[in-house]
Amino acid sequence: MQTTRSHDTRLRLLTAAAEVLADEGYAATSLSTVAARIGLTKGAFAYHFPTKGTISEALRDEFLATVDGIEARSREVFPDKPAQAFLLYLAGIGSTLVSDPVFRGASALSFDLSAPRRDAVDMLTRTLWHLERFIADFDTAGTARADRTPADLAEVVLWMLMGQNFTGRRLVRTAANPDLTSRVLLELTHVENPDAAIEEVSALLRSGEMEYRVITFQAGELAPEKPLDAG
């Protein structure tokens, strides 16, 4: 019971810290600011997280565990369809960014040049590793005609995803087309018949059978896609 209560307290504190970091940035965040958000003294907060560096490390660890779980879930749903598993992985990342403040705060650190470099590198490296594994599977399954190595293509995909996130938050659009992004990424990695893979994953997400939602940028913010009858 004590262990569970301690874990819940730590998660509550980490969630508050993640929200402040996502809003204010690493350099502008202080232990006092985070503690004040949830009505604690700096000393009480520091019992669990003595420094900003320990917050960054904890967010990194949560990020790594989460993306590993999303990859495993994607492969479980589509064990013999690497392109679909890849798209479901990307959908899982986007959906978790919206629903999980700890994951969102950790992701923000990877863009923040004032954050500890080692933690950002660890998160980006793990993401690259997942992308490379998926792209390598395209070749194994005979669904791709890659003229670049999986490592090269994984880097380009990561650049595109990070660039989309950066510009999507600053160039306000009413909505974005997630299927277009998926098609471009699959065409980049030379997957044959990308439309079939997109249609299958999109239908699954929109059926409500998955824990993930279809996510788009709407007015500069990531948000769940509105149902067609929502107007």
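Along the sequence shown, the residues carry numbers beginning at 1. Note that this is a predicted model, so its numbers are computed, not measured. Side chains are part of it too, since the values below use all heavy atoms of this structure and drop only hydrogens, waters and symmetry mates.
Follow the hydrophobic side-chain contacts under 4.5 Å out from Leu59 and you never reach Tyr47; the two are in separate clusters. With hydrophobic clusters built from ILVMFWY side chains whose heavy atoms lie under 4.5 angstrom apart, Val156 shares a cluster with Phe86. Put simply, Met162 and Trp129 are part of two different groups of oily side chains (I, L, V, M, F, W, Y) that touch within less than 4.5 Å, one to the next.
The structure places CZ of Arg73 at 15.5 Å from CG of Asp68, a figure rounded to the nearest 0.5 Å. The CE atom of Met160 lies 6.0 Å from the CG atom of Leu188; values are rounded to the nearest 0.5 Å. Taking CG of Leu88 as the start and CE of Met210 as the end, the distance is 4.5 Å to the nearest 0.5 Å. Taking OG of Ser30 as the reference point, atom NZ of Lys52 lies at 7.5 Å (rounded to 0.5 Å). Between the CZ atom in Phe138 and the CZ atom in Arg133 there is a gap of 12.5 Å [rounded to 0.5 Å]. Considering CZ of Arg75 and CG of Asp137, their distance stands at 4.5 Å, rounded to 0.5 Å.
Residues passing the side chain to side chain contact (heavy atoms under 4.5 Å, CB included) test with Glu24 are Val20, Ala28, Thr29, sequence neighbours excluded.
Considering Ile93, Val201, Leu205, Leu90 in turn, Leu205 is the only one that fulfils the side-chain contact (heavy atoms from CB on, under 4.5 Å) rule with Tyr212. Residue Thr96 forms a side-chain contact (heavy atoms from CB on, under 4.5 Å) with just one option from Thr66, Val102, Val67, and that option is Thr66.
Lys81 has its side chain within reach of Glu200: a pair of non-hydrogen atoms, C-beta onward, lies under 4.5 Å apart. For the pair Leu204/Phe78, a side-chain contact is recorded, criterion being any heavy-atom separation below 4.5 Å from C-beta on. Inter-residue side-chain proximity for Phe63 and Asp122 is flagged as unmet; no heavy-atom pair is nearer than 4.5 Å. Considering only heavy atoms from C-beta on, Tyr89 comes within 4.5 Å of Thr127 through its side chain.
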May I have the step-by-step check of side chain to side chain contact (heavy atoms under 4.5 Å, CB included) for Leu87 and Leu185, ending in yes or no?
CA-CA 9 Å; Leu87 292 178; Leu185 291 175; 5.8 Å; no
Using the side chain to side chain contact (heavy atoms under 4.5 Å, CB included) rule, take Ile55 and Leu31 through it: C-alpha gap first, then chi angles, then the decisive distance, then the call.
CA-CA 9 Å; Ile55 296 173; Leu31 295 184; 3.7 Å; yes
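Within 6.0 Å of atom CD in Glu199, 12 or fewer heavy atoms from other residues, nucleotides or ligands are found, so the atom counts as exposed in its surroundings.
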Solution key, residues 103-121 side-chain donor-acceptor pairs under 3.5 Å, sequence neighbours excluded:
{"residue": "Arg104", "atom": "NH1", "partner": "Leu97", "partner atom": "O", "Å": "2.6"}
{"residue": "Arg104", "atom": "NH1", "partner": "Val98", "partner atom": "O", "Å": "3.1"}
{"residue": "Ser107", "atom": "OG", "partner": "Phe103", "partner atom": "O", "Å": "2.9"}
{"residue": "Ser110", "atom": "OG", "partner": "Ser107", "partner atom": "O", "Å": "2.5"}
{"residue": "Asp112", "atom": "OD1", "partner": "Ser114", "partner atom": "N", "Å": "2.9"}
{"residue": "Asp112", "atom": "OD1", "partner": "Ser114", "partner atom": "OG", "Å": "2.6"}
{"residue": "Asp112", "atom": "OD2", "partner": "Tyr26", "partner atom": "N", "Å": "2.7"}
{"residue": "Ser114", "atom": "OG", "partner": "Ala27", "partner atom": "N", "Å": "3.2"}
{"residue": "Arg118", "atom": "NH2", "partner": "Glu57", "partner atom": "OE2", "Å": "3.1"}
{"residue": "Asp119", "atom": "OD1", "partner": "Arg60", "partner atom": "NH1", "Å": "2.9"}
{"residue": "Asp119", "atom": "OD2", "partner": "Ser56", "partner atom": "OG", "Å": "2.5"}

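The two residues Ala18 and Pro101 make their nearest non-hydrogen contact at CB-O, 3.4 Å. The two residues Leu64 and Met123 have their closest heavy-atom pair at CD2-CA, 4.1 Å. Between Arg37 and Ala16, the closest heavy-atom pair is CD-O, 4.3 Å. Residues Ala83 and Leu186 approach most closely at CB-CD2, 4.4 Å, considering heavy atoms. For the pair Phe134 and Pro82, the tightest heavy-atom approach, listed with the atom from each and the gap, is CD2-O, 4.3 Å.
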